[in-house]
Amino acid sequence: GVEAAVGGKVDASLHRMDSSVYVAGRAEATFRTPCVRCIEPMEIAVPVELQVTLVPEDEEPQANAEGEVVEEAVGVVTFDGHEVDLEAVLHDEFCLEMPANPICGESCQGLCPGCGENRNLSRCECSQDVDMRWAALQKLKL
């Protein structure tokens, strides 16, 4: 799973507009997650740009007749109308910016499909000539 590795930083300004609050700025945090190729833990810095309008819960834009989100609702988040808590906003923004398939490096060799050894740490005794996913094709007679 993904977890925060070290503290992050937020540089944002908040501007009140009637009952709404506009938040603009940048944030960055470092997360610890397994590499999708070799499953070794790695750290990844995730920067986000903040451009969010917080509106009181009773002023939330409603979906149109087809149930689709109206254009005015994009980038709009609700708050209780009294206190702005950016934790949920930051959580959502980091989740959106987190790479779907983080890898520890382009040269990562991943795990051996035969024995599961981490190819970055050692060479296994499995055959490296054939990708196990294609092994059945060797039995075809042409």
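Values below: every heavy atom of this structure, side chains too, minus hydrogens, waters and symmetry copies. For the single chain, residues carry numbers from 1 onward in sequence order. Because the structure is predicted, anything quoted here is derived from the model rather than measured.
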For the atom pair [atom1] ([X]) and [atom2] ([Y]), what is the distance rounded to the nearest 0.5 Å?
X	Y	atom1	atom2	result
Cys35	Asn118	SG	CG	8.5 Å
Gln51	Arg26	CD	CZ	11.5 Å
Met17	Leu54	CE	CG	9.5 Å
Glu40	Leu121	CD	CG	5.5 Å
Lys9	Thr30	NZ	OG1	9.5 Å
Glu93	Glu49	CD	CD	10.0 Å

Next on the checklist: Set out, in order, the CA-CA distance, both residues' side-chain angles and the distance that settles side chain to side chain contact (heavy atoms under 4.5 Å, CB included) for Met42 and Thr33, then state yes or no.
Outcome noted: CA-CA 6 Å; Met42 58 174 272; Thr33 184; 4.1 Å; yes
Checklist entry - Transitively linked via ILVMFWY side-chain contacts under 4.5 Å: Ile44 with Leu90? => result yes
Checklist entry - Are Val52 and Val21 connected in a single hydrophobic cluster, I mean Ile/Leu/Val/Met/Phe/Trp/Tyr linked by side-chain heavy atoms less than 4.5 Å apart? => result yes
Output a table of donor-acceptor pairs, distance under 3.5 Å, between side-chain atoms of residues 100-113 and any protein atom two or more places apart or on a different chain; print 'none' if there are none.
residue : atom : partner : partner atom : Å
Gln109  : NE2  : Ser107  : O            : 3.1

Next on the checklist: A side-chain contact here means heavy atoms from C-beta on lying under 4.5 Å apart; do Leu50 and Leu86 qualify?
Outcome noted: no
Item to check | Atom CD1 of Ile39: over 12 foreign heavy atoms under 6.0 Å | outcome: no
Checklist entry - Quick one: ring pair (Phe, Tyr, Trp, His ring centres under 6.0 Å) pairs with a partner in residues 24-50, sequence neighbours left out? => result Phe31-Phe94
